[in-house]
Amino acid sequence: MASLLRSPAATRAEALVERVADAPVLMLGSAPEPGAEATPPPVEEPSRALALSDVIAVRSGPGEALIRLAYRIGIPGHAIAAPFRRPQATRVTATVESPNRGDRTAGTALRTGHFLIHGARLPIASFDFSVSAHHAPGVERVVHSFGWLADLAASAPRTDGAAVAERIAGLWLHAHTTPGKGPAWEAELAGLRLVAWLVHAPLMLGGNDKGLKARLLAAIAETAGWLDKHAPKEPAGFGQVAAWAGVVAAGLLLPHGKPRRLFGEAGLVTALGDMVGEDGGVLSRCPAAQLEAIRLLTDLIACYAAAAVTPPPALAVMRELLVPPLLALRHGDGALGCWQGQGAIPADRVNAVIEASGVRTRPLAQAQGWGYQRIRAGETLLQFDTAPPPRSKHARTGCASTLAFELSDGPQRIIVNCGGAALAGGQVPARIGQGLRATAAFSTLVLDNANSTAVLLHGKLGKGVEAVELDRRQIARPGFREATRIEAAHDGYAGRFGLTHQRILTLSGDGTELAGEDILVPTSRGGKRGKIGFAIRFHLGRGVEVQLAPDKRGASLLLPDGRLWQFRLGGDRGGAEDITLHAEDSLWVDGDGRPHATEQLVIEGLALRSGGQFSWRFKKTG
């Protein structure tokens, strides 16, 4: 197999770059057409991002370059934009009409006096907004980013929602009088908050409390100034992009904003290049972060339209690059797979963001750099994680999921991952969030109950999988459609146990059969002596009924809509002893943060330290 850590970008990226007039073109590798044999790509640096600023740099004449330099060294914007005039008072200079829409249900809950976050209802009246309060990360994110403003706007006319927005904003401002103190002043949340304030300014500033309006305008100016200083210091990732987006939005919609805008645009384009891999997948490998990035760019481009300013071409190009990899993680029901701590984000939420972006494209079948392989055959869809987990510096809620897969038949999910670690603190208890990041929470092989990559606190990851080998090809069978075969191997267990995990998945051309093989390969000649416990877990979709076969070598899986699949173990034990197949309780978290009791099939036994081979098969029979 050809070694792969990160792949070149797909042809789509090349076409998008070529659309921008006079921009230098980055020549990128082509993705194989369906039915064609994939050519193994060359080895790339695993953390290498798409240097978008090298492809489409922010172009400016000497005058704009001088303005940007002056603002960067600390000369106030009004002194640059209007040096002989009195500075204008802070105001929002244009009304933004963003195509993004919030969650109407969450907005209705706000009007009845509750935050609705990850399925949990939190009373506004008793919510602790103080800087010393400790809430689940997901709760802090929604409250402090003012992401709830979009939900409120979607649930009622502006005149009805203004009073609710005033109430919450007043409570928040009272608790946060000092910039930089508390979790609300993480650069990511501050950037998102400023964009939300400016995009939803009519809702925020449309109430009757003139004193609150003055405080809000002062907070907008204060936050913009704080971000001017802190955005350049933020580490690469979505947080840095959000911080720079706040700077740019303020430059577009506040008086004397041109110097700030020019300063922010240069930082934003560089930050986008540092956040996104070569095929358009964010380096956190998180589908929710991918969705948020698309939504943020749509809001920001709407700010440009409101200010009647042409946005840098890089913003539209980046948004188009972000969509195809995200679509690759949609199942037949339109919702996303459960990867890197996220639940199955529902179809309506994904559709709303994609429609608002205006991007019309197809899923990227081989998001190799992002690390997710997608096969569609008939009504069957397979998603396969074939890359190392994100580096700790990029991880949001990092999970040890390498070589896990999900399988769906039409709108029905057959094999899933538990998901939901990022949603812990709502209906998912915070105490089990760490467990949902473990390898055992994914449909893959586990050795000695150990994670393939170390799961650390605060969403970070430690040592484990460093390299993944990958080979994808079409297999011709006389009289049948070509099957797709993906072979991947990771080194996460090599250091501790001297074994490499190799997984081979073959999906038939008509989608009625998935053949799998898990192989343990010794890293040294002959391998070590002794045995080691292993478990191959297949977490089942919600509502799937399991009936074990009398010989304990197979099971029937009845899907909620009546479709029937059979699971069978291979006949060869492949160097293992005491192999058993049984069903256990499991958990699946949906995209709204609700946990559901499910089941899982588990193959367990003792494998020889010198290696082993275990085959299995899913077949549709009705």
Between Leu283 and Trp370, does the side chain to side chain contact (heavy atoms under 4.5 Å, CB included) criterion hold? Intermediate values first, please.
CA-CA 7 Å; Leu283 296 185; Trp370 201 23; over 6 Å; no
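- Here CD of Glu186 is found 10.0 Å from CZ of Arg193. Values are rounded to the nearest 0.5 Å.
- The nearest pair of heavy atoms linking Ala421 to Thr397 is CB-CG2, 3.7 Å.
- Distance check, rounded to the nearest 0.5 Å: CG of Leu194 to OG of Ser145 gives 12.0 Å.
- Evaluation of the ring-ring contact (aromatic ring centres under 6.0 Å, His included) rule for Phe238 yields no partner, not counting sequence neighbours.
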Apply the test side chain to side chain contact (heavy atoms under 4.5 Å, CB included) to residues Val359 and Ile354: give CA-CA distance (whole Å), side-chain angles for both, the deciding distance (0.1 Å), then the verdict.
CA-CA 7 Å; Val359 178; Ile354 300 302; 5.5 Å; no
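- Within the structure, no pair that satisfies the side chain to side chain donor-acceptor pair (under 3.5 Å) test touches residues 453-464, not counting sequence neighbours.
- A side-chain donor-acceptor contact under 3.5 Å links Arg285 to the backbone of Pro388.
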Could you walk me through whether Phe146 and Leu192 pass side chain to side chain contact (heavy atoms under 4.5 Å, CB included), step by step?
CA-CA 8 Å; Phe146 277 64; Leu192 293 175; over 6 Å; no
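- Across all their heavy atoms, Ser284 and Gln340 have their closest contact at O-CG, 4.0 Å.
- Looking at residues two or more places apart in sequence or on another chain, you find a side chain to side chain donor-acceptor pair (under 3.5 Å) between Trp172 and His144.
- In this structure, Arg437 contributes its side chain and Gly398 its backbone to a donor-acceptor pair below 3.5 Å.
- Formation of a donor-acceptor pair under 3.5 Å by the Thr270 side chain with backbone atoms of Ala266 is found in this model.
- With a 4.5 Å cut-off on side-chain heavy atoms, Gln434 and Val455 count as touching.
- Remark: Ile301 engages Leu315, Arg319 in a side chain to side chain contact (heavy atoms under 4.5 Å, CB included) (not counting sequence neighbours).
- Between the CD1 atom in Ile294 and the CG atom in Leu321 there is a gap of 10.5 Å [rounded to 0.5 Å].
- The two residues Ser155 and Thr108 come nearest to each other via the heavy atoms CB-N, 3.6 Å.
- Taking SG from Cys338 and CG from Leu423, the interatomic distance works out to 9.0 Å, rounded to the nearest 0.5 Å.
- Each salt bridge (Lys or Arg N to Asp or Glu O under 4.0 Å) pair with one or both residues in residues 130-143, not counting sequence neighbours, appears once here: Arg141-Glu188, Arg141-Glu292.
- Across every non-hydrogen atom of Pro346 and Gly591, the tightest pair is CD-CA, 3.8 Å.
- The shortest non-hydrogen separation linking Lys181 to Val131 is O-CG1, 3.6 Å.
- A side-chain donor-acceptor contact under 3.5 Å links Gln240 to the backbone of Glu234.
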Residue pair His135, Phe127: steps toward the ring-ring contact (aromatic ring centres under 6.0 Å, His included) verdict
CA-CA 10 Å; His135 301 289; Phe127 190 87; 4.3 Å; yes
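- Judged by distance alone, with hydrogens and angles left aside, the side-chain atoms of Thr112 form a donor-acceptor pair with the main-chain N or O of Ala109 at under 3.5 Å.
- Rounded to the nearest 0.5 Å, atoms CG (Asp590) and NE2 (His118) are 11.0 Å apart.
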Distance-only criterion, 3.5 Å: show the donor-acceptor pairs between side-chain atoms of residues 244-257 and protein atoms not counting sequence neighbours.
from: His256; atom 1: NE2; to: Gln88; atom 2: N; distance (Å): 3.0

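- Legend: residues meeting salt bridge (charged side-chain N to carboxylate O under 4.0 Å, His left out) with Arg349, ordered by chain and number and at least two apart, are Asp592.
- No side-chain heavy atom of Thr310 sits under 4.5 Å from any side-chain heavy atom of Tyr304.
- Contact annotation: the side chain of Leu364 never approaches that of Val323 to less than 4.5 Å [non-hydrogen atoms, C-beta and beyond].
- Applying the salt bridge (Lys or Arg N to Asp or Glu O under 4.0 Å) test to pairs two or more places apart or on separate chains, those with a residue in residues 216-228 are Asp228-Arg260.
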Would you list the atom pairs, donor with acceptor, under 3.5 Å between side chains in residues 196-210 and any protein atom, with sequence neighbours excluded?
from: Asp209; atom 1: OD1; to: Gly211; atom 2: N; distance (Å): 3.1
from: Asp209; atom 1: OD1; to: Leu212; atom 2: N; distance (Å): 3.0

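- Considering all non-hydrogen atoms of both residues, Pro287 and Leu326 come closest at O-CD1, 3.7 Å.
- Residues Pro429 and Ile432 meet the side-chain proximity criterion, which asks for heavy atoms closer than 4.5 Å.
- No side-chain donor-acceptor contact under 3.5 Å links Arg330 to the backbone of Gly337.
- Listed by first and then second residue, the salt bridge (Lys or Arg N to Asp or Glu O under 4.0 Å) pairs that reach into residues 149-177 come to none, sequence neighbours excluded.
- Between atom CH2 of residue Trp148 and atom CG of residue Leu116 there is a gap of 14.5 Å, rounded to the nearest 0.5 Å.
- With contacts defined as side-chain heavy-atom distances shorter than 4.5 Å, the pair Leu456/Leu461 does not qualify.
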Decide yes or no on side chain to side chain contact (heavy atoms under 4.5 Å, CB included) for His114 and Leu122, but give the supporting numbers first.
CA-CA 5 Å; His114 296 81; Leu122 307 174; over 6 Å; no
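- Using a 4.5 Å heavy-atom cutoff, the side chains of Met318 and Val276 are in contact.
- Residue pairs meeting the ring pair (Phe, Tyr, Trp, His ring centres under 6.0 Å) criterion with at least one partner in residues 277-296, sequence neighbours excluded, do not occur; the list is empty.
- Atom CZ of Arg431 has 12 or fewer heavy atoms from other residues, nucleotides or ligands within 6.0 Å.
- In the model, Asn100 has no side-chain atom that pairs as donor or acceptor with a side-chain atom of Thr298 under 3.5 Å.
- Counting only residues at least two apart or on different chains, no salt bridge (Lys or Arg N to Asp or Glu O under 4.0 Å) pair has a member in residues 102-128.
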